[in-house]
Structures are given as C-alpha cells and as structure tokens.
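Contents: one structure, followed by commentary.
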2 protein chains.
Amino acid sequence: MIDHSADRAVFRQLADLLRDQIKSGELGPGEPLPSELRLAQDYGISRTTVRQAIGQLRTEGLVTVDRPRGTFVRVPEPVEVVPLARGERVSARMPTDAERRKHRLGEGTPVLVVTAPDGTETVHPADRVHLTRP
Amino acid sequence: MIDHSADRAVFRQLADLLRDQIKSGELGPGEPLPSELRLAQDYGISRTTVRQAIGQLRTEGLVTVDRPRGTFVRVPEPVEVVPLARGERVSARMPTDAERRKHRLGEGTPVLVVTAPDGTETVHPADRVHLTRP
DNA sequence: GTCAATTTGTGCGTATGTATG
DNA sequence: ACATACATACGCACAAATTGA
C-alpha cells in the first residue's frame with residue numbers, strides 16, 4: 001500500500017489511494033472516509049501525514065469536511081447551463097474569501113469569470129454552473 | 001499583529017496579513033516573502049504555523065514556491081485566447097496531482113474543461129488560457 | 001440533561017532530506 | 001564545504017463540536 005522507500009511522498013501515496021477509491025466508486029458521493037486516526041493506524045503513518053493527504057483531496061474539491069462529524073466524498077451539485085453571448089470571454093480562478101462566502105463555495109471550487117466586451121465581469125461558482133456556446 | 005486570544009486561528013491571521021500585503025502591492029509580483037524561519041521569529045510563532053499560512057496562500061494561487069530558493073508572489077502568465085466551437089460546453093475544476101505535473105501547473109490554478117458535443121474533453125490551464133465566443 | 005467518546009482543528013517541537021547559492 | 005530554505009514525517013497536547021449511551 002504505502003512504500004516508505006518510494007520516491008513519492010507518503011502523504012501523496014495515500015492521497016492517490018483515496019482518490020482512486022473515489023474515482024472508482026468504491027467510495028461513493030456522500031460516503032464518509034475513515035477517520036484520520038483510523039487511516040493513520042491502518043497504514044502505519046502519523047495523523048499529521050494523513051491530514052496532509054486529506055488536505056490534498058480538499059484542495060482538489062473531491063471531499064468536504066463536516067467537523068467534527070467526519071470527511072465525506074463530495075456530492076455533485078445540480079448544474080445550471082448558462083449561454084455565452086457573442087464576444088464574451090471566459091477565464092477561471094480561485095475565489096476570494098468574499099466570493100467564497102457570498103456563493104457558499106466549498107474548498108477546492110474555482111469560479112468561472114465571464115467578461116463581456118464592455119469589460120463587465122460576471123462570476124459563477126464552477127461546481128454549479130457550466131457555460132455553453134449555442 | 002497576531003492575536004493569540006482571537007477567535008481566528010493564528011495561521012489564518014498570518015495568511016490575512018500576507019494576503020493584504022500582496023493585494024495592496026506592498027509585496028509585488030515576483031517579490032519574495034520572508035523565509036518561513038524569519039516569519040516564525042518575527043511573529044513569535046512556530047514554523048509549522050507559518051507553513052500553514054503559506055499553504056493557504058498557495059491554494060489560493062497567490063504565491064508560488066521555488067524550492068529551496070524561497071516563496072514568491074505569483075507573476076501573471078501570458079494568456080492565450082482559444083475560440084469555442086458551436087455546441088461546446090465549458091466547466092472548471094481543480095486539477096489532480098497528475099494533471100498538475102503534466103501541464104506544469106502552479107498550485108491554486110484551476111483548469112478549464114471544454115466538452116465537445118461528442119463528449120471529447122479538452123483541459124486548459126486557467127492561468128494561461130482564456131476562452132472566447134467569436 | 002449529562003457525560004463520555006469520537007473526530008476534526010490548531011499549535012508546538014523535533015528530526016531528516018534535498019536543492020540552492 | 002557550508003549555510004540557507006523548503007519538504008516530509010513523526011510525536012504530543014489541547015480545543016471545539018457532535019453523537020450516543
């Protein structure tokens with residue numbers, strides 16, 4: 001499972017293992033991950049290292065933490081499709097703190113920024129909005 | 001500066017301080033932050049806590065680490081504009097570790113995902129690519 | 001309602017490795 | 001060769017919130 005002599009850091013190896021379980025469906029949306037203590041004991045590593053691995057998955061937007069209930073596989077949000085107008089441009093970035101609060105964004109969720117030809121910017125939560133060219 | 005009795009965690013307070021210095025231009029693009037050890041001594045906190053604060057700024061895409069030279073305010077990348085074809089859809093998410101390495105993405109940089117009508121997905125680094133509806 | 005157990009959050013210290021200058 | 005600086009990993013302790021007996 002975990003190879004301490006490997007080139008890849010232990011916490012990245014654990015993140016890879018958990019990510020694979022999520023992508024394969026072995027850990028489905030809404031399901032809890034084992035507790036940090038449990039993971040540490042199961043894999044013979046420290047809780048600090050487990051937290052690094054889970055931190056990685058949080059920044060990737062794969063899991064959410066409901067403290068102190070546990071850590072859960074993120075459940076996909078219903079997506080609204082927004083059409084693009086002619087000449088509009090699209091970029092993406094991480095939200096500011098204010099935007100995070102305003103849109104109730106989870107960790108690891110970027111925002112889509114639509115810029116109109118006149119320079120007006122519209123910000124959309126990337127987990128709830130997709131854009132389309134009609 | 002740092003209030004140990006405050007409600008907000010010490011590492012978040014430090015992240016706030018550094019973020020403010022970056023946003024205000026006091027720390028300009030390309031400029032180095034003080035070293036972790038220096039920040040720890042200056043603010044009377046542990047290096048571990050300093051690393052938590054810097055980790056925060058990294059996930060926000062505000063700084064990059066050039067190990068072991070130091071930690072620097074991120075410099076904006078030149079942007080390529082890619083036109084969208086009819087029927088294509090756009091979403092954004094954080095990259096996996098593998099995608100980060102593949103596209104040489106800095107931390108805190110999302111990817112733009114373009115899905116063609118036939119389901120084919122194209123991934124673009126969001127710091128170097130903008131999309132446009134012609 | 002109370003109390004104990006569980007779980008994540010925060011913070012500290014230490015040690016070692018690796019790459020740069 | 002040496003000092004500097006970030007990365008990884010371990011350990012410990014306590015706080016805060018939830019859950020269930």
Side-chain angles (χ1 to χ4, degrees), chain A residues 1-18 27 30-60 62-74 97 100 106-108, chain B residues 1-18 27 30-74 97 100-101 104-108:
Chain A
M1 307 261 212
I2 300 286
D3 179 5
H4 283 266
S5 69
D7 237 30
R8 193 160 177 75
V10 173
F11 83 87
R12 294 189 196 281
Q13 294 182 47
L14 177 55
D16 292 344
L17 282 172
L18 294 171
L27 277 171
E31 279 191 75
L33 273 62
S35 78
E36 297 174 353
L37 189 60
R38 183 68 194 281
L39 287 169
Q41 292 170 340
D42 284 359
Y43 291 99
I45 59 183
S46 74
R47 194 187 147 207
T48 311
T49 303
V50 170
R51 280 182 64 75
Q52 277 183 281
I54 291 179
Q56 185 71 46
L57 300 179
R58 291 171 71 164
T59 68
E60 292 175 14
L62 292 179
V63 303
T64 55
V65 175
D66 186 359
R67 173 188 171 205
R69 288 190 49 243
T71 305
F72 302 85
V73 179
R74 183 168 286 187
D97 269 9
R100 208 113 111 228
E107 291 172 307
Chain B
M1 308 262 212
I2 300 287
D3 180 4
H4 283 266
S5 69
D7 237 31
R8 193 159 178 77
V10 173
F11 83 88
R12 293 189 197 280
Q13 294 182 47
L14 177 56
D16 292 344
L17 283 172
L18 294 172
L27 276 171
E31 276 191 77
L33 274 62
S35 77
E36 296 175 353
L37 186 60
R38 183 67 193 282
L39 288 169
Q41 291 171 342
D42 284 359
Y43 290 99
I45 59 183
S46 77
R47 201 190 136 202
T48 311
T49 304
V50 171
R51 280 181 64 75
Q52 280 181 282
I54 291 179
Q56 187 71 45
L57 301 180
R58 291 169 71 166
T59 68
E60 293 174 14
L62 292 180
V63 304
T64 54
V65 175
D66 186 359
R67 172 189 169 203
R69 284 188 52 239
T71 304
F72 302 84
V73 180
R74 183 169 285 187
D97 212 45
R100 272 234 308 276
R101 288 194 300 274
R104 305 248 188 287
L105 288 167
E107 290 168 308

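All values below were derived from every heavy atom in this structure, side-chain atoms included, with hydrogens, water molecules and symmetry-related copies excluded. Just so it is clear: chains get the letters A, B, ... in the order the sequence lines come, proteins before strands, and each one is counted from 1. As the structure is a computational prediction, the values presented were derived from the model and not from experiment.
- Comparing Val50(A) and Arg67(A) along DNA chain D, the residue whose closest nucleotide (by nearest heavy atom) sits nearer the 5' end is Val50(A).
- With rounding to whole Å, Leu37(A) atom CG is found 12 Å from dA5(C) atom C1'.
- When distances run from any side-chain atom of Ser35(B) to the nucleotides dA5(D), dT7(C), dT10(C), the shortest one goes to dA5(D).
- You'll find that the side chain of Pro68(A) is closest to dA17(D), out of dA17(D), dC6(D), dC12(C).
- Looking at heavy-atom distances under 4.0 Å, Arg58(B) makes contact with sugar-phosphate atoms alone, never a base.
- Applying the 3.5 Å distance criterion, the base of dG11(C) shares no donor-acceptor pair with the side chain of Arg47(B).
- For the residue pair Gln56(B) / Gln52(B), no side-chain donor-acceptor distance below 3.5 Å is found, with atom types taken as modelled.
- Nearer the 5' end of DNA chain D, as judged by each residue's closest nucleotide, is the contact made by Arg69(B), out of Arg69(B) and Arg12(A).
- Look at Arg101(B) and Asp97(B) and you find a salt bridge, because one of the NZ, NE, NH1 or NH2 atoms lies within 4.0 Å of a carboxylate O, short of that distance.
- Going from atom CD1 of Ile45(B) over to atom P of dG13(C) covers 11 Å, rounded to whole Å.
- Taking atom CG on Asp7(B) and atom P on dG9(C), their separation rounds to 16 Å, with Å as the unit.
- With contacts defined as side-chain heavy-atom distances shorter than 4.5 Å, the pair Val73(B)/Leu33(B) qualifies.
- Rounded to whole angstrom, the span from the NE2 atom of His4(A) across to the P atom of dG17(C) amounts to 15 Å.
- Thr49(A) has its side chain out of reach of Leu14(A): every pair of non-hydrogen atoms, C-beta onward, lies at least 4.5 Å apart.
- Contact annotation: Thr71(B) side-chain N/O to dA5(D) OP1/OP2 distance is not under 4.0 Å.
- Nearer to the 5' terminus of DNA chain C, by closest-nucleotide assignment, is the contact made by Ile54(A) (compared with the other of Ile54(A) and Thr48(A)).
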Q: Take Leu39(B) and Ile54(B) through the test side chain to side chain contact (heavy atoms under 4.5 Å, CB included) and record every step on the way to the result.
A: CA-CA 10 Å; Leu39(B) 288 169; Ile54(B) 291 179; 4.2 Å; yes
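- Rounded to an integer number of Å, the gap from Asp66(B) CG to dA5(D) C1' is 11 Å.
- In this structure, the OH atom of Tyr43(A) is 15 Å from the P atom of dA9(D), given to the nearest Å.
- Between the CZ atom of Arg51(B) and the P atom of dT10(C) there is a distance of 16 Å, rounded to whole Å.
- Whole-Å rounding puts the Gln52(B) CD to dC12(C) C1' distance at 10 Å.
- Of all nucleotides present, none satisfies the Watson-Crick or G-U wobble test against dA1(D) with each distance under 3.5 Å.
- Checking dG11(C), dC10(D), dG9(C) against the side-chain heavy atoms of Glu36(A) singles out dG9(C) as nearest.
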